[in-house]
Amino acid sequence: MRIFSHRIFTHRKIIIIFLLAIFIPSLIAAYLSISTFPKRREAVKKLLESNLWISGEAALKSVEGALLEHEQEALKSENFMRLIRSGKADQAVLSSPAFSEDTIGRFFLLDTDLKIVFPETATENAFGIQWDKEIQNSQFAQVFRRAEFFEFSQKNHIRAIELYKECAVESPSDQYRANVLEGLGRCLLSFKKLDEAYKVYNELSENYGQFRNKAGHPYGIVAVFQLYEIARQRKEEKKSVEILLNLYKQIWGGVWLINQPAYDFYMAEIESILNNILVEGRYSEIQKSYSDIQKQPSPFKQSLIFTDFLERNIIPGIKEKLSLSRSGDEIKHDRFIRDFENELYLISYTILPVFMQGQTFYGGICRDLNLLRDQIITKTLKDISKDSGLDFEIVDERDQNITTDKEKLISGESLALTFRTFPLPWKLLVSHPEIKALEITARREILFYGILLTLIVALMLLGAFMIARDISRETETNRLKTEFVNNISHELKTPLTLIRLYGETLQRKENLTNEEKKDSYEIITKESERLSHLINNVLDFSRIEMGRKEFDFKKEYLQDVITDTLESYRYHLEKKGFVIHSDIDQTLPEMNFDGEAIASILVNLLSNAMKFSPKEKEVTIKLFRDNGNAVIQVADKGIGISQKEIPKIFQRFYQSENKLVSEAKGSGLGLTLVKNITEAHGGRIDVESEVGKGSIFMVRLPLL
Ligand code: ADP
């Protein structure tokens, strides 16, 4: 009990000393040194960040400056002058020297009332013939009305044709002549005068194409549809297809000024006819030029779409801006963002000075934001990046990177700047590679020191554990040694006391009977044998422990050694009342072993069997061959060993704490020796035992 409490105390003391003297100071030192890293890093970062602010602002200014320059160049009055002169939207963009390389915008020109002057558009509304006042009652008007009366009310086409022809000669203007030709053609066609009708419609389309009919459609389109109809009725299919394809090309190319619904209607109409006719490789040449046109987008259609966008979004936007600005000073130019078909556009407009005297004109440009970003912003940023070494990125409202160069993503500490002069829905992220590098090094440093610290702590804990284990082993061995000394003293004392007692009896008492004398001699012999067995064991053990034990291997027959040892021990056993069974295989071959050591194995096993069989005194000794081994087996019907105890019985100094055995004290070395000797012979020892039923010890030695 005393030893036990001392042990716990020693453990605790060592662990506390370890924690106080080594572990805690090391941890504090490590913490202090690691905690200075972030502070130092923070200081450097702050310095870099203040630099970043200055450089970022400068970069933003440069980008907005580039955009402004581009915008000013675009909104120059001369560009709009040129537009008015050239007329066509697409040509205008391309011919402007400022946009020869990067066509990124569409121009528009509005008058004082914000009506579109450019791009040229077709009037939406159909118009009926408005007779001029002087014409209203003229001879021409009267004849024209009569012709219409005969055509529509009387269905008298012959009379109508005559009257229309009369009108045609007297037409006061080209517009009226075109209207007359239309009526004439219609009547001729109804009257099936195809040749004449063809001539009339041909003249109408070629000479009066730009004039419009009552429904507002240009004769250039309406008359050609009639020409197609005539060719069809004449069964001239190829010619009819050619006529239509030609018209298709003209509409696609914007020859006739029409609005977007009219464009879509005519194109769809022609396409449905052509698609029906041009099947299975018919008129391959026509088919080829038809599909060639279809492959390219129509610039005229683009311009129509733009006009639509202009009317629906841009003009209301400008109106809104103007109404706001009218309260204060009138703003000469402004810009805003509009969304069209999921794309964002930047609309910039200005009041054009020195344009047309006395009138305000608004000139503007609508630019695709993505193109603006790719062609101006990224370009400028690249140049700045080259000079300053900064990294830039543009992100949208959802913080998604929208820069074209997507691989190089800025992470961590970057500065977000909002565009000021331009209402762009983006932010400019600026970062310095050195900040990034700083972060990476910091992360690496923390990782490195973290691992180092963990390693040191782990090693310290391992050391502490090993020291504690060694101490506990040492303490255990000391306890066992003390117990061993106690036991061995007891073991030595008992036989010595008996030897002395009987020796003195023999010496002093002269009147002893022969029987008594014999008993005394026997006891002295038995006890001295026990003593020498004990001493032999102790000596053998100490030799083995010190590594000095040498075995004397010789070629011998194992059965001889076993038989001899058993015979010399038989007397003891029988004296103690044991029944001995033996079964020795005499056919085993010669083996290489140390006879004395093997004899001591058997003696130890027999002595244990004897010691631990208080009631049923029966021992069986066998020697047999099993799987290339010679097996020495000693079985008893004694107290047995519990399963829990079996692994411990071979430990040095181990002795059972079982009360039953307390009288039969030993040294705790017997089985340790048996195991050592067996293993020195390349063998193995096994135990089978059941408490209360007995034990079987089997020593296997290899035959070879
Ligand atoms: P001891 O000198 O005590 O016999 P051993 O090393 O020979 O030392 O045996 C260790 C322990 O193994 C014994 O104290 C006993 O508890 C147990 N033991 C050994 N042989 C037997 C056996 N034949 N029957 C029961 N227990 C045994």
Side-chain angles (χ1 to χ4, degrees), residues 476-477 479-495 527 529-545 565-566 569 572-573 576-582 597-622 631-680 685-699:
E476 178 66 12
T477 316
R479 185 184 68 83
L480 289 172
K481 271 184 188 164
T482 320
E483 238 167 74
F484 167 73
V485 172
N486 262 347
N487 293 346
I488 208 93
S489 321
H490 174 82
E491 284 293 288
L492 288 173
K493 215 171 135 193
T494 321
E527 288 305 314
E529 266 173 10
R530 197 171 132 194
L531 211 55
S532 72
H533 168 67
L534 194 70
I535 287 167
N536 274 343
N537 268 1
V538 173
L539 285 177
D540 274 351
F541 170 74
S542 89
R543 272 189 216 116
I544 287 171
E545 280 285 286
T565 314
L566 178 62
Y569 215 77
H572 285 290
L573 287 165
K576 282 262 177 184
F578 275 86
V579 178
I580 305 163
H581 303 286
S582 67
I598 297 296
S600 92
I601 287 183
L602 187 62
V603 168
N604 271 304
L605 292 178
L606 286 173
S607 129
N608 277 350
M610 209 163 78
K611 261 198 291 185
F612 300 110
S613 301
K615 285 179 195 155
E616 218 172 312
K617 296 175 186 280
E618 197 179 315
V619 194
T620 309
I621 299 104
K622 284 185 184 168
V631 183
I632 308 165
Q633 181 181 299
V634 178
D636 61 52
K637 295 196 173 169
I639 58 168
I641 311 159
S642 68
Q643 290 303 311
K644 205 177 83 195
E645 222 179 350
I646 285 180
K648 295 186 195 164
I649 56 172
F650 296 102
Q651 285 172 11
R652 50 192 191 159
F653 310 126
Y654 180 81
Q655 284 185 302
S656 166
E657 277 154 24
N658 193 330
K659 291 243 167 75
L660 264 174
V661 201
S662 60
E663 273 179 38
K665 278 264 177 201
S667 60
L669 292 177
L671 286 179
T672 316
L673 274 176
V674 171
K675 191 168 182 253
N676 274 328
I677 296 168
T678 310
E679 281 168 2
I685 178 160
D686 296 314
V687 192
E688 282 169 20
S689 186
E690 204 176 320
V691 177
K693 291 205 169 157
S695 321
I696 305 171
F697 285 82
M698 279 169 290
V699 175

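Remember, it's 1-based here, ligands and their atoms both numbered in the order they're listed.
For the side-chain contact (heavy atoms from CB on, under 4.5 Å) criterion with Leu566, the lone passing option out of Val634, Ile621, Val619 is Ile621.
Near Gly640, the atoms of ligand 1 lying under 4.0 angstrom from a non-hydrogen atom of the residue are 25 (C). Of all the atoms in ligand 1, the ones that sit under 4.0 Å from a non-hydrogen atom of Ile641 are 25 (C), 26 (N), 27 (C).
A salt bridge does not link Glu645 to Lys648: none of the charged side-chain nitrogens sits closer than 4.0 Å to a carboxylate oxygen.
Residue-to-ligand polar distances keep Phe612 apart from ligand 1: every N/O pair is separated by 3.5 Å or more. Residue-to-ligand polar distances keep Tyr654 apart from ligand 1: every N/O pair is separated by 3.5 Å or more. Taking distance alone, with nitrogen or oxygen atoms compared against 3.5 Å, Asn608 approaches ligand 1 more closely than that limit. By the 3.5 Å distance cut-off applied to N or O atoms, Leu671 is counted among the residues near ligand 1.
In the displayed structure, Lys622 atom NZ is contacted under 6.0 Å by at most 12 heavy atoms of other residues, nucleotides or ligands.
Ligand 1 has at least one atom lying under 4.0 Å from a heavy atom of Asp636. Ligand 1 has no atom lying under 4.0 Å from any heavy atom of Phe650.
A donor-acceptor contact shorter than 3.5 Å links the side chain of Asp636 to the backbone of Ser695. In this structure, the side chain of Ser613 does not engage the main chain of Met610 through any donor-acceptor pair within 3.5 Å.
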Working for side chain to side chain contact (heavy atoms under 4.5 Å, CB included), residues Ile649 and Phe697: CA-CA 12 Å; Ile649 56 172; Phe697 285 82; 4.1 Å; yes
